[in-house]
**Student:** 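Input: one structure, supplied below.
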Amino acid sequence: MAKTLSVLGSTGSIGVQALEVAQLSGYEITALTANRSTDILEEQIRKFHPSFAAVADEKSAADLKIKVADTETKVLSGAKGVEECAACGADVVLNSIVGIAGLAPTLAAIEAGSKIALANKETLVAGGKLVIASAAEKGVPILPVDSEHSAIFQSMQGCRDKKQIKRLILTASGGPFFGKTRKELENVTPEQALRHPNWSMGAKITIDSATMMNKGLELIEAAWLFGVKAADIDILVHRQSIVHSLVEYIDNSVIAQLGVPDMRIPIQYALTYPDRAESPVSQLDLAKAATLTFERPDYETFGCINLCRTAFEKGGLYPAAVNAANEKANELFRCGKIRFLDIERAVEAAFDCVDNVSDYTLEQVFETDRAVRAETERLFL
């Protein structure tokens with residue numbers, strides 16, 4: 001029998017590519033979800049014939065229900081509908097929802113016993129302790145889809161003892177503003193920030209790349225995924241986006257994963273692990289790539305990275321707070337309501353909005369998220 005797959009966030013960049021890869025890998029699509037993109041979701045329903053589909057926006061869900069009434073797909077609505085698709089019992093649930101909205105569906109999928117292919121970094125940033133504990137209890141593997149975390153995961157294959165690992169090295173493209181000063185960044189526009197030099201991604205993560213907040217979020221995600229301290233994770237700017245991340249071992253050997261900058265590689269590895277399969281991605285030509293460069297980030301200009309490092313080290317609800325501030329400020333910047341560097345200022349201000357607790361519940365995560373978003377609006381609007 002074909003393996004079954006539920007794709008959460010199927011109409012986004014990762015979701016669309018995941019469906020392409022899944023089709024090549026012989027998966028049967030069980031469920032699809034979207035935020036409100038019903039035209040694309042309708043096309044996917046007619047192509048892949050899932051048993052379930054859900055739209056987070058309830059009005060859009062009602063419209064979709066009418067559009068696909070001639071199909072056998074059951075259309076669900078709202079956050080609960082998305083969670084039902086996550087918990088439908090698919091062999092694998094690929095979560096590519098943007099933001100903290102992906103947290104509850106990840107937990108629902110784990111509870112149902114599905115293997116997790118995780119492209120939603122906010123799941124572990126905001127609720128890492130809850131997610132890792134739940135996955136361990138249920139015996140559910142979490143396979144990384146982010147290119148950097150997939151690279152680390154691939155570079156760790158064959159390592160039988162984590163004590164042999166000295167450090168993880170995340171690579172960063174540097175985004176569109178690498179080399180700029182803070183003064184030069186004060187008045188950049190959303191249009192400029194959305195011009196990523198290497199990757200084609202959704203708007204939110206592209207802005208995160210411009211602020212380098214994405215690298216701070218990835219640092220927190222890596223710490224949870226691989227069970228390491230933040231101090232044991234370094235970051236290097238690698239403008240060519242060929243080396244996707246590296247692992248350094250105690251004998252000072254460094255193992256890296258290389259490939260063209262195409263998300264279908266890590267998506268496919270998560271879906272076929274522990275096996276590999278032929279890929280639609282073009283072959284890496286190192287002679288053509290010619291020069292590979294590495295530099296340390298400018299932590300003064302791009303302060304979000306170390307704010308995330310601090311949040312993880314402080315623990316508790318601090319990571320959820322900085323994530324919430326970033327999500328809200330990122331949205332406000334894209335709408336032209338705040339300036340680019342206000343995103344970092346909002347993330348820094350989030351530290352004052354948190355109750356310092358070591359253990360937390362899912363509801364406390366969401367309460368923190370709501371409170372920080374409201375405070376971010378109050379401070380900057």
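Worth knowing before you read on, the calculation uses all heavy atoms, side chains too, and leaves out hydrogens, waters and symmetry mates.
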**Student:** Does the side chain of Q257 pick up a donor-acceptor pair with the side chain of S155 at under 3.5 Å?
**Tutor:**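 No donor-acceptor contact under 3.5 Å links the two side chains.
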**Student:** Test K74 against E84 for salt bridge (charged side-chain N to carboxylate O under 4.0 Å, His left out), laying out the working first.
**Tutor:** CA-CA 11 Å; K74 181 179 180 179; E84 284 186 55; 5.3 Å; no
**Student:** Spell out, as yes or no, whether a donor-acceptor pair under 3.5 Å connects the side chain of E331 to the backbone of K328.
**Tutor:**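 Not at all, since once roles are kept as given, no pair shorter than 3.5 Å links the two residues.
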**Student:** Just verifying a value: how many Å separate L32 CG and E43 CD, rounded to the nearest 0.5 Å?
**Tutor:**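 Reported value, rounded in 0.5 Å steps: 12.5 Å.
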**Student:** If we count only N and O atoms by modelled type, under 3.5 Å, do the side chains of H196 and S209 hold a donor and an acceptor together?
**Tutor:**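 On atom types as modelled, these side chains qualify, holding a pair under 3.5 Å.
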**Student:** Test salt bridge (charged side-chain N to carboxylate O under 4.0 Å, His left out) on E42 and R46 and set out the steps.
**Tutor:** CA-CA 6 Å; E42 180 186 358; R46 296 189 182 281; 3.2 Å; yes
**Student:** Please determine, by modelled atom types, if T310 and E313 share a side-chain donor-acceptor pair under 3.5 angstrom.
**Tutor:**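 No donor-acceptor contact under 3.5 Å links the two side chains.
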**Student:** State plainly whether the residues R36 and E58 are in salt-bridge range, i.e. N to O under 4.0 Å.
**Tutor:**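 So R36 does not pair with E58 through a salt bridge.
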**Student:** Which distance, rounded to the nearest 0.5 Å, do you find between the CG of D262 and the CD1 of I267?
**Tutor:**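 If we round to the nearest 0.5 Å, D262:CG and I267:CD1 are 8.0 Å apart.
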**Student:** So F177 and F340, ring-ring contact (aromatic ring centres under 6.0 Å, His included) or not? Walk me through it.
**Tutor:** CA-CA 11 Å; F177 301 138; F340 182 75; 5.3 Å; yes
**Student:** In terms of hydrophobic clusters joined by side-chain contacts under 4.5 Å, are Y273 and V247 together?
**Tutor:**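 Shared cluster, yes.
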**Student:** Please round to the nearest 0.5 Å and tell me the distance separating atom CG of D146 and atom CG of L118.
**Tutor:**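 Reported value, rounded in 0.5 Å steps: 7.0 Å.
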**Student:** Looking just at side-chain N and O atoms, do N120 and T123 make a donor-acceptor pair shorter than 3.5 Å?
**Tutor:**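 Yes, side-chain donor-acceptor contact under 3.5 Å.
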**Student:** Identify whether the distance between the nearest side-chain nitrogen and carboxylate oxygen of E348 and R345 falls below 4.0 Å.
**Tutor:**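 No.
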**Student:** If we ignore angles and hydrogens, is there a donor and acceptor under 3.5 Å between the side chains of Q154 and S150?
**Tutor:**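 Yes - a donor-acceptor pair under 3.5 Å links their side chains.
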**Student:** With distance as the sole criterion, is a donor-acceptor pair present between the side chains of T30 and S51 under 3.5 Å?
**Tutor:**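 No, because no side-chain N or O of T30 sits under 3.5 Å from a partner of the opposite role on S51.
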**Student:** Is K67 paired with D39 through a side-chain N to carboxylate O contact shorter than 4.0 Å?
**Tutor:**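 A salt bridge links D39 with K67.
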**Student:** Distance alone, cut at 3.5 Å: any donor-acceptor contact between the side chains of D208 and N326?
**Tutor:**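 Yes, N326 and D208 have a side-chain donor paired with an acceptor closer than 3.5 Å.
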**Student:** Ignoring hydrogens and geometry, is there a side-chain-to-backbone donor-acceptor pair from S134 to L107 under 3.5 Å?
**Tutor:**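 No.
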**Student:** Any luck finding a side-chain donor-acceptor pair between D63 and T38 under 3.5 Å?
**Tutor:**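 Distance-only check fails for D63 and T38.
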**Student:** So, K121 and N214: side-chain donor and acceptor under 3.5 Å apart, yes or no?
**Tutor:**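 Note: K121 and N214 side chains miss the donor-acceptor criterion.
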